[in-house]
There are 2 protein chains.
Amino acid sequence: MENLIKILQSKNIQPSHQRIKILEILVKNKDHMNVNMIYDELSKEIPTISKTTVYNALNTFAEKGLVHCLTITPEEMRYDYETKPHHHLLCKQCGRIIDVNVRCTYAEAMEIEGHSIEEIQGYFKGTCKDCLSRENHKTKN
Amino acid sequence: MENLIKILQSKNIQPSHQRIKILEILVKNKDHMNVNMIYDELSKEIPTISKTTVYNALNTFAEKGLVHCLTITPEEMRYDYETKPHHHLLCKQCGRIIDVNVRCTYAEAMEIEGHSIEEIQGYFKGTCKDCLSRENHKTKN
DNA sequence: ATATTGATTTATAATTATTACAGATATGGA
DNA sequence: TCCATATCTGTAATAATTATAAATCAATAT
């Protein structure tokens, strides 16, 4: 809690009650939630919360570099608090978005083919480990 | 034209007049167009075209593996006909989406960290070559 | 303590991309 | 030609996101 406030302040974001709670959910939850998931979770604690507030907070967080926005699902934006560089797998079976730790950077200022690269996002699509082993069990029975 | 029909047939897609024209635009245009761009372009030749037809055709193309769908812009889907594996740069200055030929595969059935990977998309964000040199000219004058 | 100022939150409306649907049209085979 | 089926069209529905304006909150000066 104390910690969350410091995180927000370190990014020059006013630590309002709503913002703290939204960040708390993102820090706890490594599931790459979308706005509705965050809103539903938040409603338990702050029943009067507005969805616009969630949008505003997340946009602010993203602008200040506190979270990463993922467009791996075409329908809606996903939000990721994790700071270590990594990529993402969308499992076509279970729909989960899973961190993938292949070598990569969020490289501030790389250069590739003459372009200046500030950000890299790798999206993988396929079948996750868990769904694979579930399939294997089925075929073996 | 003849060629386009063969391309469609090779993917088991009925080569209707509309589909041929939509594919023609995608083949000519390496700009990673969105639905509106395609629709506007197409309207010149087929003024009665419906936007739903464009959506349907592109969905069919994507299902059959004829085009790749890009979610690099959060607002709307982009479509890419290019078949050689490559990644994409979104230039924050000019908004263009540019092919980036770093080593990668659209790898059918790779395996990473126990997950089965069918598709990889790399999205880069930064400033493209052209915008960089434009900036340089400005600062030098 | 109170008033003031500015930022944040809320609720609602507007915007926009995409999909659903149903009728019209076109297509290919008997 | 006729029929069955696929495709196309136009409109309506859905859903994510943004715009907006009023209400609330927080901090500060008086």
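Residue numbers start from 1 in every chain, and the chains themselves are labelled A, B, ... in the order their sequence lines are given, proteins ahead of strands.
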Nearest whole angstrom, please: distance from the [atom2] of [N] to the [atom1] of [X].
X	N	atom1	atom2	answer
Q14(B)	dT25(C)	CD	C1'	15 Å
L58(A)	dT9(C)	CG	P	12 Å
H17(A)	dT9(C)	NE2	C1'	12 Å
I13(B)	dT27(C)	CD1	P	17 Å
Q18(A)	dA11(C)	CD	P	11 Å
N59(B)	dA20(C)	CG	C1'	13 Å
M37(B)	dA17(C)	CE	P	11 Å
R78(B)	dA17(C)	CZ	P	11 Å

Quiz item: Can a donor-acceptor pair be found between the side chains of H87(B) and N101(B) at a distance below 3.5 Å?
Solution: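 Distance-only check fails for H87(B) and N101(B).
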Quiz item: Side chains of Y39(B) and E41(B): donor-acceptor distance under 3.5 Å anywhere?
Solution: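 E41(B) and Y39(B) do not have a side-chain donor-acceptor pair below 3.5 Å.
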Look at [X] together with [Y] and state whether they make a salt bridge at an N to O cut-off of under 4.0 Å.
X	Y	answer
K30(A)	E82(A)	yes
K21(B)	E45(B)	yes
D99(B)	K84(B)	no

Quiz item: Which part of the nucleic acid, if any, lies within reach of S16(A) when heavy atoms closer than 4.0 Å are counted: base, sugar-phosphate only, or nothing?
Solution: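 Sugar-phosphate, no base atom in range.
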Quiz prompt | Note, C69(A) side chain near P74(B) side chain (heavy atom, < 4.5 Å) | solution =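 No; the side chains remain at least 4.5 Å from each other.
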Quiz item: Are any of the side-chain heavy atoms of D80(A) and V67(A) separated by less than 4.5 Å?
Solution: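 D80(A) does not reach V67(A) side chain to side chain.
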Quiz item: Does anyone know the first and last nucleotide of DNA chain D in reach of chain A, 5' to 3', at under 4.0 angstrom to a heavy atom?
Solution: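 On DNA chain D, the outermost contacted nucleotides are dA16(D) to dA19(D).
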Self-check item: Of the listed nucleotides dT8(C), dC21(C), dA17(C), the one nearest the side chain of R19(A)
Solution: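 Minimum distance to the R19(A) side chain belongs to dT8(C).
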Quiz item: Out of dC21(C), dT10(C), dA17(C), which has the shortest distance to the side chain of I46(A)?
Solution: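 Out of dC21(C), dT10(C), dA17(C), the nucleotide with an atom closest to I46(A)'s side chain is dT10(C).
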Quiz item: Any side-chain N or O of N36(B) less than 4.0 Å from the OP1 or OP2 oxygen of dA17(C)?
Solution: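 Checking dA17(C) against N36(B), a side-chain N or O does come within under 4.0 Å of OP1 or OP2.
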Practice problem: Please check the phosphate of dT18(C) (OP1 and OP2 only) for any side-chain N or O of Y55(B) closer than 4.0 Å. | Solution: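 Yes.
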Practice problem: Tell me which of T53(A) and T52(B) sits closer to the 5' end of DNA chain C, going by the nucleotide each one is nearest to. | Solution: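 Looking at the nearest nucleotide for each, T53(A) comes out on the 5' side.
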